[in-house]
Colleague: 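Dropping the structure in here first, questions after.
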Amino acid sequence: METALRHFDGERYRLGKYVVAANHVHAIVTPLPGHELSEILHSWKSYTAKQILQLEAASGRLSEGTISIWQKESYDRIVRSPEELFRIEQYIQRHSEYELSAADKRRDAASTAMQQARILAAKPLCDPALRQLILDIKAKNELTIDHVSQDQVIEAGSSQAALDRAKGLVQSFERFIADHKDEITALQILYAKPYKQRLTFDAVKELADAIEKPPYLWNESQLWQAYAALEASKVKGASGKRILTDLVSLVRFAIHQDNELVPFPERVNANFKVWVEAASRRLAETKRQDAASTGFTTEQMKWLEMIRDHIAANLGIEPDDFEYAPFAQEGGLGKVYQLFGDELNTLIEQLNETLAA
């Protein structure tokens with residue numbers, strides 16, 4: 001929360017005294033010209049709500065149906081005199097001291113709980129039989145590594161056993177797709193050509209979670225390497241680092257929608273180039289400018305490329321995403337509206353539809 005408060009200090013507003021309590025915030029803020037208080041509050045709430053939900057979901061503490069972090073309304077008042085400002089600052093100072101005292105108590109309680117947990121966790125090791133069993137297992141599995149002798153390459157290439165494993169993995173993956181194409185949302189969408197709905201990051205994450213569970217225990221890198229071992233001429237980027245959205249490329253290749261297995265960001269970039277050329281032609285016709293030009297300013301192209309990279313990693317972009325990195329560092333939602341104006345929403349729809357296609 002404190003990071004959000006300080007982020008645009010001096011750029012959109014001047015931040016005075018503040019305190020972050022357990023379930024609310026007090027802050028003195030002076031909006032700078034061109035920025036409304038409602039816009040500033042929305043930026044704080046939007047950013048922190050998304051971060052809190054992500055942390056809570058990752059920790060497993062997020063209960064089903066929990067969707068609201070902040071109340072819809074906030075309490076604000078105009079400070080009309082130096083005396084009133086001083087009184088409010090003193091109130092925030094006292095509140096801050098109280099919060100620090102409460103935090104110390106929470107830390108002491110947490111420290112005691114952690115100490116008790118460590119004692120409880122170590123208790124089984126008091127059993128001599130268990131300690132001996134651990135030593136026996138260690139001795140049985142210990143390896144001696146020779147750092148002196150020089151290795152000699154006997155043969156280079158994939159062994160028949162490695163090829164057989166790759167073939168088995170590919171066949172199992174393709175059988176999994178066929179067996180679950182009516183159950184998993186991402187597979188339903190990818191099988192429906194043309195797509196009846198846009199594929200989302202959450203849908204692909206659901207698929208990734210399904211294949212990572214026993215008995216499969218697969219990930220994008222394993223599957224990519226397996227296809228590379230069997231069909232090297234059709235697989236690109238075998239040595240590169242895989243990202244979650246590469247799973248889209250893997251499924252399309254597995255169900256024979258694509259003739260080549262191409263990293264998803266490369267496909268998005270290729271679609272982006274086509275879109276830019278088409279958009280440039282439209283701009284050239286509208287503004288009667290040189291058709292060889294991109295039709296976009298240097299700054300607009302920088303933002304379009306950031307949007308392209310975001311879609312490559314997340315399968316789409318929404319207006320709220322402009323309040324996060326890397327967009328926030330460049331001016332956020334206000335800046336992108338300044339650059340593209342009323343065409344922004346249309347542009348977002350086109351890029352979402354075109355780049356991930």
Colleague: Do Q90 and R87 get their side chains close enough for a donor-acceptor pair, meaning under 3.5 Å?
Modeller: no
Colleague: Salt bridge (Lys or Arg N to Asp or Glu O under 4.0 Å), that's the test. Do R77 and E84 meet it? Break it down for me.
Modeller: CA-CA 11 Å; R77 62 177 293 157; E84 186 177 9; 2.5 Å; yes
Colleague: Got a sec, which residues hit side chain to side chain donor-acceptor pair (under 3.5 Å) with E206, two or more places apart in sequence or on another chain?
Modeller: none
Colleague: Report the C-alpha distance between K213 and D209 in whole Å, list the side-chain angles of each, state the deciding distance to 0.1 Å, and finish with yes or no for salt bridge (Lys or Arg N to Asp or Glu O under 4.0 Å).
Modeller: CA-CA 6 Å; K213 293 177 182 177; D209 290 342; over 6 Å; no
Colleague: Does E299 form a salt bridge (Lys or Arg N to Asp or Glu O under 4.0 Å) with K335? I'd like the steps, not just the answer.
Modeller: CA-CA 11 Å; E299 193 170 17; K335 182 63 176 180; 3.2 Å; yes
Colleague: Output yes when a side-chain donor or acceptor of D246 lies under 3.5 Å from a complementary backbone atom of I243, and no otherwise.
Modeller: yes
Colleague: Please check if the side chain of S172 supplies one atom and the backbone of G168 the other of a donor-acceptor pair under 3.5 Å.
Modeller: yes
Colleague: In plain terms, say whether E330 and K302 are close enough for a salt bridge, that is, a side-chain N and a carboxylate O under 4.0 Å apart.
Modeller: yes
Colleague: Which residue pairs pass the salt bridge (Lys or Arg N to Asp or Glu O under 4.0 Å) test when at least one of the two sits in residues 217-235, sequence neighbours left out?
Modeller: E231-K234
Colleague: Which residue is it: D309, L355, I311? I am looking for the one with a side-chain contact (heavy atoms from CB on, under 4.5 Å) to F272.
Modeller: L355
Colleague: Any donor-acceptor pair under 3.5 Å linking the side-chain atoms of T48 with those of W70?
Modeller: yes
Colleague: Return yes if a side-chain donor-acceptor contact under 3.5 Å exists between D136 and Q132, otherwise no.
Modeller: yes
Colleague: Would you call E349 and R198 a salt bridge, taking side-chain N to carboxylate O under 4.0 Å as the test?
Modeller: no
Colleague: Can you tell me if S249 uses its side chain to pair, donor with acceptor, with the backbone of V262 under 3.5 Å?
Modeller: yes
Colleague: Has Q188 got a side-chain atom pairing as donor or acceptor with D182's backbone, closer than 3.5 angstrom?
Modeller: yes
Colleague: Sub-3.5 Å donor-acceptor pair from the side chain of Q300 to the main-chain atoms of T297, do we have one?
Modeller: yes
